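Since the structure comes first, as structure tokens, the remarks are kept for the end.
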Amino acid sequence: MSSPTPRRLLHFVTRRLGLRHYLENPGDGRRQPQIPAQLLLWGLLVGQILRQFSFHALEALVRSQAKRNKAFESSGWIGLAIDGTGAGWRTRQGCALCRPKRNAQEQILGHQHYFVMASVVGTGLSLPLDVEPYGPGDSEYAAGQRLLRRVIGGVGKRFAQYLVVDGEFSTAPFLHTAGDLGLRVVARLKDNLRELFTAAQKRFSSSPPTIVFQQGQDRVEIWDAEDFDPWNTLRWETVRVFRYRQHKPDGKVVEASWFTDFPSSRVGPRALFLMAKSRWEIENQGFNEAKTRHGLEHICHHHANSMLITWLLACLALTIERLYRLRYLHRGTHRCRSGAELVLALWVNLFRPCSADTS
Ligand SMILES: [Zn+2]
């Protein structure tokens with residue numbers, strides 16, 4: 001396997017991932033462009049991958065390439081995770097997405113920008129798919145519904161089998177939207193759904209676990225029952241609740257409750273546990289990675305469109321980087337390069353004199 005260079009990366013992106021058309025005609029809304037859009041886009045993408053800080057191409061890429069090339073072959077279930085985050089704190093209001101943050105005396109402390117992200121999870125390859133911002137007067141779960149409709153419109157109804165979300169998305173309209181789009185939901189159960197939460201606590205505290213198994217070094221106990229009553233706005237017939245208690249070797253215990261509309265005839269408690277755990281991928285490999293290594297919180301230009309494009313480019317760069325590093329460069333039996341190793345190899349080769357590339 002030849003060493004990664006920016007030119008070989010471009011070859012991979014245009015030929016293997018089929019993004020040549022998008023890179024040649026990315027669209028350009030600027031009034032007085034001085035740098036051609038193609039060069040600017042590739043420069044921004046390489047910059048993102050080198051960590052210097054509506055994308056239909058992204059969805060099409062993930063759908064057609066990842067599935068066709070069996071990028072997800074190690075897993076039986078493909079999940080989507082949706083979650084929100086904030087980025088780009090500003091003390092002064094300056095764009096349509098600024099949401100004021102106030103203290104207890106109602107004084108404005110500053111302005112934050114928020115968006116929800118959708119990511120493919122549960123497959124061993126986390127791929128951020130798309131983002132949807134929400135400004136003042138809008139909400140996280142409304143933005144989540146818009147995002148979900150757009151993502152499923154792009155990748156198709158059969159792409160993923162489940163959607164995993166945190167407790168703040170546990171509203172009937174959001175859950176119904178997911179159901180209409182053909183997705184089962186695995187959602188965190190917190191005390192914002194007090195009645196269901198209390199009923200499950202009461203039931204599970206007086207019964208032994210449904211199943212106990214070993215997950216790596218950890219011992220996991222799961223309580224699972226599917227005959228809880230839905231709250232009055234939720235149109236599900238019953239609600240299945242499961243609680244896990246994960247005992248770490250150092251004595252630490254992690255416990256959480258979740259609910260789902262997967263029937264037990266289709267998905268067992270052990271698979272549900274893994275689906276619930278896959279939500280962490282959007283935190284760790286989505287937001288944390290994008291913030292610490294790709295400058296997601298940095299605002300280049302304080303304007304709503306500019307920020308949205310920066311967030312989307314960060315997602316596209318993360319997706320290309322992972323497909324290139326973890327699948328394409330990993331063909332064969334050698335171990336995967338780490339993200340840092342790929343960045344170093346690209347940097348080193350960036351400054352090598354160009355030779356004829358016949359790859
Ligand atoms: Zn702003």
Side-chain angles (χ1 to χ4, degrees), residues 26-35 37 40-41 43-59 81-119 128-151 154 165-169 171 173-174 282-319:
D28 192 353
R30 295 171 299 166
R31 296 216 178 99
Q32 293 172 307
Q34 293 183 348
I35 305 171
L40 189 61
L41 174 64
L44 286 168
L45 275 174
V46 167
Q48 276 287 356
I49 291 169
L50 288 171
R51 302 181 184 174
Q52 300 292 300
F53 352 119
S54 155
F55 281 61
H56 291 297
L58 193 49
E59 282 155 359
I82 283 193
D83 203 13
T85 193
W89 177 261
R90 279 289 183 275
T91 44
R92 279 195 202 164
Q93 203 268 344
C95 80
L97 290 176
C98 275
R99 277 174 79 112
K101 199 145 199 166
R102 296 168 205 272
N103 64 11
Q105 289 76 45
E106 287 292 302
Q107 291 162 314
I108 292 179
L109 300 171
H111 299 265
Q112 180 69 311
H113 306 92
Y114 293 93
F115 62 88
V116 283
M117 181 193 274
S119 179
L129 266 177
D130 200 354
V131 299
E132 174 73 14
Y134 60 100
D138 201 350
S139 72
E140 186 177 44
Y141 85 91
Q145 288 174 72
R146 296 196 296 274
L147 178 62
L148 198 54
R149 284 195 199 99
R150 193 168 65 233
V151 164
V165 286
D166 204 7
E168 61 269 22
F169 290 92
T171 64
F174 185 84
I282 197 165
E283 294 279 353
N284 298 333
Q285 294 167 53
F287 298 139
N288 288 355
E289 177 107 9
K291 285 183 182 182
T292 54
R293 306 213 171 111
H294 296 273
L296 194 73
E297 285 185 289
H298 174 74
I299 292 183
C300 301
H301 174 47
H302 191 180
H303 182 280
N305 274 347
S306 169
M307 285 186 296
L308 178 58
I309 285 174
T310 310
W311 295 335
L312 284 164
L313 280 173
C315 288
L316 182 58
L318 277 171
T319 294

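Order of appearance sets the numbers: ligands from 1, and atoms from 1 within every ligand. This one's a predicted model, so the numbers in the text were calculated from it and none came from an experiment. Excluded from the calculations below are hydrogen atoms, water molecules and symmetry mates; all remaining heavy atoms, backbone and side chain alike, are included.
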Please state the angle at the Zn ion (ligand 1) spanned by NE2 of H113 and NE2 of H302: what is it, rounded to 10 degrees?
100°

Any idea how F169 and F174 line up, ring-wise: parallel (<30°), tilted (30 to 60°), or perpendicular (>60°)?
tilted

For the Zn ion (ligand 1), does an N/O/S atom of H111 lie at less than 2.8 Å?
no

Go through the steps to decide whether R90 and C95 satisfy the test side chain to side chain contact (heavy atoms under 4.5 Å, CB included), and finish with yes or no.
CA-CA 10 Å; R90 279 289 183 275; C95 80; over 6 Å; no

Could you grab the distance from atom CG of L148 to atom CG of D130, nearest 0.5 Å is fine?
11.0 Å

Under 3.5 Å, side chain of R99 to main-chain N/O of G137, donor-acceptor pair present?
no

Please state whether the separation between the Zn ion (ligand 1) and some N/O/S atom of C98 is under 2.8 Å?
yes

